[in-house]
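Working notes, structure below.
Residue indices begin at 1 and follow the sequence shown.
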Amino acid sequence: MQLRAPYTVRLFCLISSAVLLLIFFRASSNYPSPKTIQFNHQNGSIGHQLFSLFSHIGVARTIGRIPVINTVNNSALIDQLSKVVVLRFPSILQQFSIVIQPITPINGRLGTIDTPYENPIKEFSEYATLSIMVDGNGFKSYKYFNQIRSEIRLWMMGNAENVQEARNLITESLRDNFKFCVHTTPETQKNFTIKVVSQVLNHYTKESEKVMLVVSATDPKFSRQVFQDPRITKFDIEKFSLVSSPPELQLTFSRLYCDAVLVTSPYSTFGWWMGYLAREEHSPVFYLDPEAFPEHKEINPHDYFPRHWKKLVNTKKTS
């Protein structure tokens, strides 16, 4: 014969279970859903991608929201990032919540053609929506992420294999040399760049006994032209070209080795990142006068160049 619990006991257990479930669901409903922020990321070079991704993280930190990348909105970006950023710099995407959800409509904006930086606290402090989808003009301002610079510099070291590959680009006997790194573009692979390089070398060869000139160029012929020019050969220095190294490895090289950086094309986003990621947080970074590049006047130099960077004036853009 099967014994059954008294009716009152069973009723008590049923009511107790119902009360516990009610308490659980009320607690769950009262727990606030996390507020998120998405950016309308555009495909582009690694320099443009880093501006967009780090601005996304920096703004999220500033206004206390979770940075989210919706793969439906950014499927092409995810595909592009998986080829470089995920492999070499996995810590970057680890800062995001990656989701798959319906396309999120744009309901916020940061930056205009004339003003790349707008204060995110001022723009979004009154947003009560759970999710903000932000469009912008490339987010090309260090002010969006400068507060997390130490973390960015750590993330851009990359994984162990990436660091070792960058470290091995130069022999151990040359690693203690003072390294002056120069980034050029097809627009600046000309005579005026060699003139400026010579002027800066004249300064550093007086300060350091062992100096290495490192050139990041798209054209190997220009690297050879720099190294063989009489204005350069007069200095007793080591010379090294990054022309055969992929762009992402060049950035890690700058992070490990570049004691000073010259950005010959001031609005080159890749050259900008070589400067921002230089060996020390306050390593000297020089850039040519933006006035010589009027085609980029839509970028506000006060928002684009960190304050401690040094603009080289009286440098004429001539062949």
Side-chain angles (χ1 to χ4, degrees), residues 45 47 169-171 174-175 177-247 249-251 253-279 283-297 299 301 304-306 308-319:
S45 66
L169 287 174
I170 56 176
T171 61
L174 298 175
R175 292 175 187 173
N177 287 42
F178 182 93
K179 296 165 196 69
F180 172 44
C181 300
V182 180
H183 175 261
T184 68
T185 65
E187 183 181 24
T188 61
Q189 289 173 8
K190 298 176 181 178
N191 180 64
F192 70 91
T193 288
I194 302 177
K195 178 183 176 182
V196 176
V197 171
S198 178
Q199 292 172 346
V200 179
L201 276 175
N202 187 56
H203 168 73
Y204 282 119
T205 52
K206 292 177 180 177
E207 286 194 346
S208 304
E209 291 184 4
K210 296 181 178 181
V211 175
M212 172 184 281
L213 172 62
V214 179
V215 175
S216 167
T218 55
D219 184 0
K221 293 181 180 179
F222 182 72
S223 294
R224 291 193 294 269
Q225 182 182 344
V226 173
F227 296 152
Q228 296 169 4
D229 191 282
R231 290 166 292 183
I232 305 301
T233 57
K234 68 180 181 180
F235 298 107
D236 182 18
I237 59 173
E238 299 288 342
K239 307 176 187 71
F240 181 71
S241 174
L242 288 169
V243 69
S244 61
S245 301
L249 195 63
Q250 294 187 38
L251 293 178
F253 180 94
S254 180
R255 176 66 186 85
L256 289 172
Y257 290 126
C258 291
D259 296 291
V261 176
L262 168 62
V263 183
T264 61
S265 182
Y267 292 115
S268 162
T269 56
F270 186 81
W272 191 97
W273 282 105
M274 282 194 72
Y276 194 75
L277 296 171
R279 186 173 184 176
S283 290
V285 179
F286 306 92
Y287 62 96
L288 298 190
D289 191 345
E291 291 296 324
F293 300 82
E295 61 273 22
H296 297 287
K297 277 194 172 180
I299 298 179
Y304 187 72
F305 299 108
H308 71 277
W309 289 18
K310 300 175 177 63
K311 179 174 69 174
L312 298 179
V313 296
N314 300 323
T315 54
K316 295 182 179 180
K317 182 184 169 185
T318 57
S319 59

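- For the atom pair CG of Leu312 and CZ of Phe286, the computed distance is 6.5 Å after rounding to the nearest 0.5 Å.
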What do the steps show when you test Leu262 against Phe180 for side-chain contact (heavy atoms from CB on, under 4.5 Å), and what is the final call?
CA-CA 8 Å; Leu262 168 62; Phe180 172 44; 3.7 Å; yes

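- Residue Ser283 holds its OG atom at 7.5 Å from NE2 of His308, rounded to the nearest 0.5 Å.
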If you apply the rule side-chain contact (heavy atoms from CB on, under 4.5 Å), what do you find for Val285 with Phe305, and how did you get there?
CA-CA 10 Å; Val285 179; Phe305 299 108; over 6 Å; no

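- A search for salt bridge (charged side-chain N to carboxylate O under 4.0 Å, His left out) contacts involving Arg255 returns nothing, not counting sequence neighbours.
- Around atom CD of Glu209, no more than 12 heavy atoms belonging to other residues, nucleotides or ligands sit under 6.0 Å away.
- With contacts defined as side-chain heavy-atom distances shorter than 4.5 Å, the pair Ser223/Lys239 does not qualify.
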Evaluate side-chain contact (heavy atoms from CB on, under 4.5 Å) for Val211 paired with Phe235, printing each intermediate quantity in order.
CA-CA 9 Å; Val211 175; Phe235 298 107; over 6 Å; no

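- Interatomic distance, NZ of Lys179 versus OH of Tyr204, reported as 13.5 Å (0.5 Å rounding).
- The closest side-chain heavy-atom distance from Phe178 to Ile237 is not below 4.5 Å.
- Using a 4.5 Å heavy-atom cutoff, the side chains of Leu251 and Met274 are in contact.
- The closest donor-acceptor contact from the side chain of Thr193 to the backbone of Thr188 lies under 3.5 Å.
- Within the model, atoms NZ of Lys195 and CG of Asp229 stand 12.5 Å from one another, a figure rounded to the nearest 0.5 Å.
- At distances below 3.5 Å, at least one donor-acceptor pair connects side-chain atoms of Ser198 with backbone N or O atoms of Arg231.
- Between the side chain of Thr205 and the backbone N or O of Leu201, at least one donor-acceptor pair lies under 3.5 Å.
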Begin with the C-alpha distance, continue with both residues' side-chain angles, and end with the deciding distance and a verdict on side-chain contact (heavy atoms from CB on, under 4.5 Å) for Val215 and Val243.
CA-CA 8 Å; Val215 175; Val243 69; over 6 Å; no

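- Met212 and Phe240 make their closest contact through SD-CB, 4.1 Å (heavy atoms, listed as atom of the first residue, atom of the second, distance).
- Proximity of a side-chain donor or acceptor of Glu187 to a complementary backbone N or O of Ser265 within less than 3.5 Å is not detected.
- With sequence neighbours left out, the salt bridge (charged side-chain N to carboxylate O under 4.0 Å, His left out) criterion links Asp219 to no other residue.
- The line from OH of Tyr276 to OG of Ser254 is 13.0 Å long, rounded to the nearest 0.5 Å.
- Just one residue in the list Tyr287, Trp273, Phe270 forms a ring pair (Phe, Tyr, Trp, His ring centres under 6.0 Å) with His183, and that residue is Phe270.
- The OH atom of Tyr257 sits 11.0 Å away from atom CG of Asn177, with the distance rounded to the nearest 0.5 Å.
- Considering all non-hydrogen atoms of both residues, Thr264 and Thr184 come closest at OG1-CA, 3.3 Å.
- In this structure, Trp272 and Trp309 have side chains that are in contact, with non-hydrogen atoms separated by less than 4.5 Å.
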